[in-house]
Structure formats: C-alpha cells, structure tokens
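Structure, as structure tokens:
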Amino acid sequence: MFRAGGKISHRFFSAFFLVAVIPIVVMGFAMYRAAEHTLIDSAYVHIRTIAQSHATKLDTWYAERLNDIRVLSEMTSIRELCTAACAAGAGMSGITSPAVDSSLAENSLALTRGKSPAYQSIHILAPSGAVLASTDRHSEMIVTKRYLQDLERLKRSHGPVLSPPHQHSNGAWYIHLTVPVYSKDGKLIAAIFAILDAFGTIDPLLSDRVGLGNTGEAYLVNEEGKIVTQSRYLSAEQRGRTEFATLGIVSALARKNGISMYKNYMGREVLGSYTWLPRYHSALLVEMQKDEVLAPLRTIRTAVYATVGVMGLICILAAFFLSRQISRPIIDMANAARSIADGSLDRRISYSKDDEIGTLSSSFNSMANELAVLIDSLKQKEISLQQAYDELVRTQKQLIQSEKMAAIGELAASVVHEIRNPLSSVKLNFQIIGRSIDRNARLYEHYSIGLAQISQLETMLSGLLDYSKPMELESVPLDISGLVNESMQQIQPSVGSCAVELEMEDRLPQVTADPGKMRQVLVNIIHNAIDAAGQAGKVRVRVSVPEPKSDGAVLIEVSDNGPGITEQDLKRIFQPFFTTKEHGTGLGLSIVKKIMEAHMFRITVSSEKGVGTVVSLHLQRK
Ligand SMILES: Nc1ncnc2c1ncn2[C@@H]1O[C@H](COP(=O)(O)OP(=O)(O)OP(=O)(O)O)[C@@H](O)[C@H]1O
Ligand SMILES: [Mg+2]
C-alpha cells in the first residue's frame, strides 16, 4: 500500500508547526521574562525613591532638632549661666552651684521641649557632668552616664553629636543629641543634652507606608542588628530581643548602600533597599514582598498564555491547511502514478495553478499521454507479432503437413499404381468367371460378394490417391445456390426414405472457389449426415449469409438428428482412416478438411450425443 502521501503531509505540517509555533512560544516566554524584569526594575526604582524620601525626612527631623538645641546653646541667658557655673567651679565638683540662678535657662529649656513631642527631656550639663539646668531633675543619674560618653565624642568631633538609638530601662528607644556651649572666647563651658524619644517621633516618619503596598515597610536597624522602629510583623518586645542578619541588614551595617532581592527577617522573599545612615548609626531598610511586586505578572502571564494559545492554534490550523494544500497535489500525483502503473492509462491530474506543482502536473500529464501512446503502439505491435507468429506456426504446420502429404502421396501413388493393375486384372478375370456361373447358383452369391469387395478396394485406392495428391484448385466465382442444388441432386440416389430439407437465402453473394472440389465437400458432408440420421431420420441443409454481413461470406450448415458424436471421437473425425462405419474408408472428412484448408475456408463440427450433429462450412477467407 502506498503511504508516502500521509508522510509528506506530516512532514510539511511538522515543518510549518516548528517554524510558526516555536518562535511564538519563545517570544511569549521572552515577553514574560521581559515583563518580569521590567516589574522588578521599576519596583527597585520605586523602593529606592521611597528610601531616599525617608532618609530626607530623617535628615529634616534631625536638622529641626539640631536647630532647636543650637538656638538654646547660643542664648545669652544660658551662656551666662554656664559661664557663671564654670567660674563657680561646678565643672569640678559635679554639682550645681547654688550661687547661680538657673531658672531663666530652665524656662528656655521648657519652651524648647514644648516645641516637639520628640523631646523627652533637655539638660544643660557642665563638662564634669554636673546638671546646670534641666527640664527634668529626676533623670539626673541617667543623663550623667550617657552624657559623659557623648561628651567625649563631642570633644573629638567639635560639633553636635547624635548618639546611636538605644533602649532605656522602660524598653523604649531613645537618641541623645548633645550640642556644645562655648564661652565668648571659644572655650567649651557646657553642653546641652537633649534626650529624644526615637520610638515616638521617628516611628511616625517611617510608618508612612504610602507606595509600599500591603506588604512593604521601612525600618531602622541599629548597629547590633536590632530593629529600632516599628515593624509590620513583630511586637516591640520581639524587636528588642532579637538581632537580625538579613542580606539587607548585613550589607547596610557593612556601610553599603544598594538594592537587592533577599529573605527578610521573617524569611519571606523581598525586594529591598538598604542604606547606611552614619548620622543615626543605623541602617535604613525599605522592603516589599516579591509576591506583591510580581502580582501584576499573573495578569501578564494569563495574557501571554492566552496570546500564545490563540496564536499557536491559528498557526496549527494554518500549518494543517497549508500542509494539506501543498501535499494534496503531490498525493494526487502519487495516486495518479499508481493508477497508471495499475493500467488506468487515462488517469490525469487536474491542477490548474501556474506554479511549480502546476508545471510538475502538466509534465506528468504529458508524460502519461506519451506513455499511453507508447503502450498503445506496443500493444499493436504485440498483436501484429502474435498474428505473425500464428501465421508462422500455421505455415510451418502446413509446410510439414504438405511435405508429409507429399511423401505419403508419393508412396500411396506408387502403391496404388502397383495394386491397381493387378486388381483390375483380378476384377476382369473375376467378371469372366462370373459370366459362366448360374445366377441362381449358390456360387454366384460368393462371386457377387467378392466383386463388391474389389469395388470397395478400388474406391479406397482412388480415395487414398485423392487424399495424397497435392491439392490443385481451379477457383472461379461460384454460384452457391447452383452448387448446392447440384450436390442435392448428386446425393439423391442415396437418400432413400430419409427426409432431406433444403433452406436457402434468396440473395447469396458470390464466392470464389473450385466448384468440383466444393461439390465433393458438400456431398461428403450430406452423405455423412444421411448415414448418421438413418432411413427414418431428418437432414437439413441451410444456406445463409452470416452476421455481420460481409462480401463473399456464406455459411452452409448441414444438420441431422442422428446419434451424435462422442467427445472423444470428435477429436479424431478429421484423421485419415478414422471411421465407425462397416464399409467406410474414413477418408471422407480428411479430404473435406484438406479441400477447405486449400481454399482457406473453415469447417466446424458441433454435436450432442442423442440429439444430432451440425457441420458448418464457413465459406469466407480466414
Ligand atoms: N453427421 C455425422 N454424424 C455422426 N457421425 C459422423 C457424422 N459425420 C461423420 N461422422 C463420423 O466420422 C467418421 C469419419 O467420417 P468420414 O466421412 O471421414 O468417413 P466415413 O464416412 O466413415 O467413411 P466414407 O466417408 O469413406 O464413407 C464417421 O465414420 C463417423 O463416425
Ligand atoms: Mg463419409
């Protein structure tokens, strides 16, 4: 079974599919990746901007506080207080001098404290740590301890000092701002020490989560890794206890600034910005959970899937139809080739488009035309070859037969010649003896039988001579009806009581033949029919023009209702000397056949046992 058609369409389909669908899938994937990168990049920019905004807010907050305290440090009343205290030796003893009136300065401190809830308390301290004035006298011990640390730093930096955020015993987070107070001649005479509530004032700055979605947050982490400001996920207690080391925190505490994707202190994947704020000794972290950032990707993914799906489907359909369109004419061509190979030479391809396949189809069709013509001429040649071969075989047979007959004829002629003369002498002497025998005597009966046997012998000898002689025809245009009538007359003496009918068409064509030989044929055939039918039988001679009518064609059928001929005998009736009759020579039909063949006429015999026999003489050149 031919299967190439199916395979070729599959190949076309696969090729189109690969060419069309794979780029679409790759493009879809690339689009998705590009969208993901764009989203992440824009999220980084966004987070970074928020981080910068928070850093600016913190700077502003610090500048405001510094400004407040600086104003205090430059106030005349406070300077005088500090100068007086210094002169009174407060710096040495560490206690407030009772001679110095601090009420004016304390009023100024209270006013400043009232400006912002950030101020927990404000103190004026001598370099020794002695409290010169304070908004809160009860916090003396704590102030002194922290102050001494900050004072050292202040002396080193010669400017205002902001302490790292730290927890007080109440658990709250504080920052200290220490600003120096100088005398007129530039000598450090005291410092203003402000305790700032980090939790209460910086928290509100960072808790503004506008632009950070549902999962984003900004927070400060101190140098120990503890979260100083509010957290979205942890309580104040948890924050105070735990030191965190996320990638963002570790990087910022290593004094690095940047953006990255990492796991936050809750172990969740986040996009974060980390910034080291040297002034606050803290890291500023701004983070958003990756899931939330990439949430729009879900919509993009669905859109990409849908687009790729629809485009893919369109491509599959297009590939299917395109492959069919291209492979169909090829399959048709293959089927046509197979049909032609199976013998349907009239099969052609009907493809009218003016393209390569069209050219191929027309080439195929003209090839098929030429093939049909070629095969036709081959068939004609085969037929004429067969005819020539048949003719050759027939001629060869005739040649062999005529040579055989010539040899037999020669032998028979000499035998007949040798026998005939003595037989004539025997017959003559037999007749002389017969004249002297009384016709009524018993001996005369024997004489008659002997004479009859001699006559039969003579008939056989002349028949043998006839059969073995080379056939020489004297053909003339023959009147068939005259021939048939003469033959009927000739057999008349042997008809007896047998019913012989003649049926003849009126207008018979002329046939060229030897009249004497043809009469011999007809007489022989009718004799055989009468012999077979017997005295009570029927013989019919029918002369007609066979269908389809043609010039010079006549059919003579001689039928009888005799016993018929067995199938076995039918094969032998034309052999010389084959006879089933007591006094027959068996040469009748052999001579008939010889005459018919010499005329190139045909003789056929059909017989049915118990029904009768029909002998047909086809007087028509083969
Ligand atoms: N019409 C027929 N019906 C039945 N048998 C036939 C018929 N014609 C011929 N035969 C058979 O064919 C044999 C050969 O016939 P053929 O004419 O050659 O010789 P014959 O008739 O026997 O002898 P002869 O012709 O010398 O009288 C016959 O003996 C007969 O058996
Ligand atoms: Mg006969």
Side-chain angles (χ1 to χ4, degrees), residues 401 404-405 408-409 412 415-416 419-420 423 452-469 471 484 486-503 516-543 555-599 601-618:
Q401 185 65 13
K404 223 158 62 180
M405 289 315 292
I408 291 170
V415 170
V416 167
I419 292 173
R420 229 182 198 172
L423 194 64
Q453 291 291 319
I454 289 168
S455 297
Q456 195 183 345
L457 208 55
E458 275 180 333
T459 313
M460 187 179 269
L461 285 176
S462 67
L464 185 61
L465 205 61
D466 222 10
Y467 176 70
S468 56
K469 257 197 307 193
M471 186 66 61
V484 174
E486 278 173 29
S487 305
M488 291 298 278
Q489 272 178 7
Q490 200 174 329
I491 52 109
Q492 207 54 50
S494 359
V495 170
S497 57
C498 180
V500 181
E501 282 175 25
L502 173 65
E503 189 189 316
K517 296 276 191 290
M518 286 312 293
R519 195 167 54 241
Q520 195 181 348
V521 168
L522 206 53
V523 167
N524 254 309
I525 299 297
I526 299 170
H527 261 139
N528 278 350
I530 292 170
D531 284 352
Q535 290 303 303
K538 259 189 186 174
V539 171
R540 197 170 77 132
V541 179
R542 187 166 175 269
V543 186
L555 174 65
I556 303 173
E557 290 165 302
V558 179
S559 52
D560 63 70
N561 62 350
I565 309 169
T566 62
E567 210 176 312
Q568 233 177 354
D569 286 352
L570 203 59
K571 291 174 192 159
R572 304 172 62 199
I573 56 173
F574 290 108
Q575 286 176 4
F577 305 113
F578 174 76
T579 181
T580 56
K581 295 172 194 167
E582 199 183 339
H583 297 294
T585 63
L587 286 169
L589 282 181
S590 324
I591 293 168
V592 163
K593 192 177 178 215
K594 200 175 163 188
I595 294 169
M596 290 295 277
E597 278 178 356
H599 281 91
F601 292 155
R602 254 180 338 117
I603 175 168
T604 54
V605 180
S606 64
S607 185
E608 200 177 329
K609 202 77 184 119
V611 178
T613 305
V614 181
V615 179
S616 306
L617 304 172
H618 306 265

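Read the numbers this way: they start at 1 and go in the same order the structure lists the ligands and their atoms. These values consider heavy atoms only, across backbone and side chains, with no hydrogens, waters or symmetry-generated copies. Computed from a predicted model, the values in this text were never measured in an experiment.
- Glu458 contributes atom CD, which lies 7.5 Å from atom CZ of Arg420 (distance to the nearest 0.5 angstrom).
- Atom CD of Gln535 sits in a crowded spot, with more than 12 heavy atoms from other residues, nucleotides or ligands closer than 6.0 Å.
- For Asp560 against Ala532, the heavy-atom pair with the smallest separation is OD1-CB, 4.0 Å.
- From the protein, the heavy atom lying nearest to atom 1 (N) of ligand 1 is Asp560 OD2, 3.0 Å.
- Taken to the nearest 0.5 Å, the CD1 atom of Ile556 stands 11.0 Å off from the NE2 atom of His618.
- Residue Asn528 holds its CG atom at 5.0 Å from CG of Leu589, rounded to the nearest 0.5 Å.
- Between the CG atom in Leu555 and the OG1 atom in Thr604 there is a gap of 8.0 Å [rounded to 0.5 Å].
- One distance of note links CD1 of Ile525 with CD of Glu557; it measures 12.5 Å at 0.5 Å rounding.
- The shortest contact between atom 27 (O) of ligand 1 and any protein heavy atom is with Gly584 CA, 4.0 Å.
- Listed by number with element, the atoms of ligand 1 under 4.0 angstrom from any heavy atom of Thr579 are 20 (P), 22 (O), 29 (O).
- Closest to atom 6 (C) of ligand 1 by heavy atom, among Asn528, Val558, Ile565, Asn524, is Ile565.
- The nearest heavy-atom contact from the protein to atom 16 (P) of ligand 1 is Leu589 N, 3.6 Å.
- Closest protein heavy atom to atom 11 (C) of ligand 1: Ile573 CG2, 4.1 Å.
- Within the listing of ligand 1, atoms 23 (O), 24 (P), 26 (O) sit less than 4.0 angstrom from a heavy atom of Thr585.
- The Ala532 neighbourhood of ligand 1 comprises atoms 1 (N), 2 (C), 3 (N), 4 (C), with distances under 4.0 Å to a heavy atom of that residue.
- At the shortest separation from atom 19 (O) of ligand 1 among protein heavy atoms lies Gly586 CA, 3.4 Å.
- Atom-to-atom distance recorded for Glu567:CD and Asp569:CG is 10.5 Å, nearest 0.5 angstrom.
- Taking backbone and side chain together, Asn528 holds an N, O or S atom under 2.8 Å from the Mg ion (ligand 2).
- Of the candidates Phe574, Phe578, Phe577, it is Phe578 that places a heavy atom closest to atom 13 (C) of ligand 1.
- No side-chain donor-acceptor contact under 3.5 Å links Glu503 to the backbone of Arg540.
- Closest protein heavy atom to atom 21 (O) of ligand 1: Lys581 NZ, 2.6 Å.
- The option from Asp569, Asp531, Thr580 that lies nearest to atom 31 (O) of ligand 1, judged by heavy atoms, is Thr580.
- Using a 4.0 Å cut-off to heavy atoms of Thr613, the atoms of ligand 1 that qualify are 3 (N).
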